[in-house]
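Structure first, commentary second.
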Amino acid sequence: MGTACVSLCAHRTETFSTGAHIASRDASVDVVVVSHDHYDHLDYPTIRALAKTRVPFVASLGVGAHLEYWGVQAERITELDWWESYTVPNTGVVLTAAPSQHFSGRGLKSRNSTLWSSLAIRSPGHAVFFSGDTGLTTEYRSIREQLGPFDVVMLEIGAFYPAWGDIHLGPDNALKAHAMLGGVFMPVHWGTFALAMHAWDQPAERLLELAPHTGAQLLMPLLGQPAEPAHAEIVKPWWREVESAVVKPAPETEGEITLPTSVPWPLD
């Protein structure tokens, strides 16, 4: 679960803007994965909706306490430390938690009290990597050696800011991570929450600008659109056609707006 949810089928992927959409389709969901406990990855209303289903949960170490407190039965929760694995019942799909470079906590007194992870998802015929939230790390070489090769790698590209390089990839570092991991590159974690000062679509535009220089094959489907990673086509920038509302400043704020000279440490 994250700022964009991804439904993985045997031969395709689908993206959704929120987990609530997935929750309404529980009959088609085999497992819910939670990379860490930040608000944009562990959403209370979505968990409450999914708690009413029979879907199992796989979460990073310590995150299960949140799930159980919010109504998910303990027997449906599996917590993973890095390099530990879980086999989804009746599917042949194996989930393995792997290192990421981030942090956790939902309040000032709970910083780093639970684990954060990336995830490798492997079936008998295919393999997918999900970065979770992370900065650039050489652990990706070890992940590819131990859990790859991957058909698709889903890497976060936003929000981003130069000072956040140790905890978020952004488009530039995501391409460096992709070079270590291989596979078709499906960018995730952008365009949903306003977590930085850039335009909502800047991560996508920046990635689209840089990717041709690296040879990375991008997969960027419209939200809700099924996509075949093995037959990824030239990216169509669907986000450019999205209508955005023009918000007029209140009378007391009309005129020149002074932007801050720095961006605070992000909360996710």
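Excluded from the calculations below are hydrogen atoms, water molecules and symmetry mates; all remaining heavy atoms, backbone and side chain alike, are included.
For His102 and His168, the side-chain atoms include no donor-acceptor pair closer than 3.5 Å. For the 3.5 Å distance criterion, the side chains of Asp37 and Thr114 qualify, holding a donor opposite an acceptor. Side-chain polar atoms of Asp133 and His38 form no donor-acceptor pair below 3.5 angstrom. Between the side chains of Ser35 and His41, at least one donor N or O sits under 3.5 Å from an acceptor N or O. Remark: the Ser117 side chain and the Ser60 side chain contain an N/O donor-acceptor pair separated by less than 3.5 Å.
Centroid-to-centroid, the aromatic rings of His178 and Phe185 come within less than 6.0 Å. Separation of the Tyr44 and Trp70 ring centroids falls under the 6.0 Å cut-off.
When the salt bridge (charged side-chain N to carboxylate O under 4.0 Å, His left out) test is applied to Arg206, the partners found at least two apart in sequence or on another chain are Asp172, Glu209. Every residue two or more places apart in sequence or in another chain that forms a side chain to side chain contact (heavy atoms under 4.5 Å, CB included) with Ala177 is listed here: Leu136, Tyr140, Leu155, Leu169. Under the rule for a salt bridge (charged side-chain N to carboxylate O under 4.0 Å, His left out), Glu84 has no partner lying at least two apart in sequence or in another chain. Legend: residues meeting side chain to side chain contact (heavy atoms under 4.5 Å, CB included) with Ala51, ordered by chain and number and at least two apart, are Val72. Listed by chain and residue number, Thr96 satisfy the side chain to side chain donor-acceptor pair (under 3.5 Å) test with Ser85 (two or more places apart in sequence, or in another chain). In this structure Glu75 satisfies the salt bridge (charged side-chain N to carboxylate O under 4.0 Å, His left out) test with no other residue, sequence neighbours excluded.
The CE atom of Met154 lies 12.0 Å from the CG atom of Leu181; values are rounded to the nearest 0.5 Å. Once rounded to the nearest 0.5 Å, the distance linking CG of Leu95 with CG of Leu119 reads 5.5 Å. For the atom pair NE2 (His213) and CG (Leu175), the distance works out to 10.5 Å, reported to the nearest 0.5 Å. If you take CG on Asp30 and OG1 on Thr91, they are separated by 6.0 Å, rounding to the nearest 0.5 Å.
Contact annotation: the side chain of Val184 never approaches that of Val153 to less than 4.5 Å [non-hydrogen atoms, C-beta and beyond]. Within the 4.5 Å cutoff, the side chain of Met186 has heavy atoms near those of the Pro221 side chain. Residues Val58 and Ile77 fail the side-chain proximity criterion, which asks for heavy atoms closer than 4.5 Å. Considering only heavy atoms from C-beta on, Phe57 stays 4.5 Å or farther from Val31 through its side chain. No side-chain heavy atom of Ile167 sits less than 4.5 Å from a side-chain heavy atom of Thr134. With contacts defined as side-chain heavy-atom distances shorter than 4.5 Å, the pair Ile157/Val188 does not qualify. For the pair Tyr161/Leu195, no side-chain contact is recorded, criterion being any heavy-atom separation below 4.5 Å from C-beta on. With a 4.5 Å cut-off on side-chain heavy atoms, Tyr86 and Leu80 count as touching.
Using bins of under 30°, 30° to 60° and over 60° for the plane-to-plane angle, the ring pair Trp190/Trp239 lands in the perpendicular bin.
Minimum interatomic distance between Leu207 and Met220 (heavy atoms only, all atoms of both residues): CD2-SD, 4.5 Å. Across all non-hydrogen atoms, the minimal contact from Pro203 to Gly158 is CG-CA, 4.1 Å. Taking both residues in full, the closest heavy atoms of Leu208 and Leu218 are given as CD1-CD1, 4.1 Å, listed atom of the first, atom of the second, then distance. For Leu219 against Ala232, the heavy-atom pair with the smallest separation is CD1-CB, 4.1 Å. Closest heavy-atom contact between Arg144 and Phe150: CA-CE1, 4.2 Å. Trp82 approaches Trp116 most closely through the heavy-atom pair NE1-O, 2.8 Å.
The cationic atom of Arg106 (NZ for Lys, CZ for Arg) lies less than 6.0 Å from the six-membered ring centre of Tyr39 and within 45° of the ring axis.
Between the side chain of Glu205 and the backbone N or O of Gln202, no donor-acceptor pair lies under 3.5 Å. A donor-acceptor pair under 3.5 Å is absent between the side-chain atoms of Ser104 and the main chain of His36, judged by distance alone. Of the possible polar contacts, one joining the Arg122 side chain to the Leu147 backbone as a donor-acceptor pair under 3.5 Å is found. Distance alone, capped at 3.5 Å, places no donor-acceptor pair between the Ser110 side chain and the Ser113 backbone. In this structure a side-chain-to-backbone donor-acceptor pair under 3.5 Å is present from Asp43 to Thr46. The main-chain N or O of Thr137 is never found under 3.5 Å from a side-chain atom of Gln101 such that the two would form a donor-acceptor pair.
No continuous path of hydrophobic side-chain contacts links Val94 to Phe129 [ILVMFWY only; heavy atoms under 4.5 Å]. Hydrophobic clustering (side-chain heavy atoms under 4.5 Å, transitive across Ile, Leu, Val, Met, Phe, Trp, Tyr) groups Val29 together with Leu50.
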Review point. Going through the distances and angles, do Val128 and Asp151 end up as a side-chain contact (heavy atoms from CB on, under 4.5 Å)?
Key: CA-CA 6 Å; Val128 174; Asp151 298 286; 5.5 Å; no
Practice item. Go through Asn173 and Glu156 one step at a time and tell me if the side-chain contact (heavy atoms from CB on, under 4.5 Å) criterion holds. Key: CA-CA 10 Å; Asn173 283 342; Glu156 61 126 311; over 6 Å; no
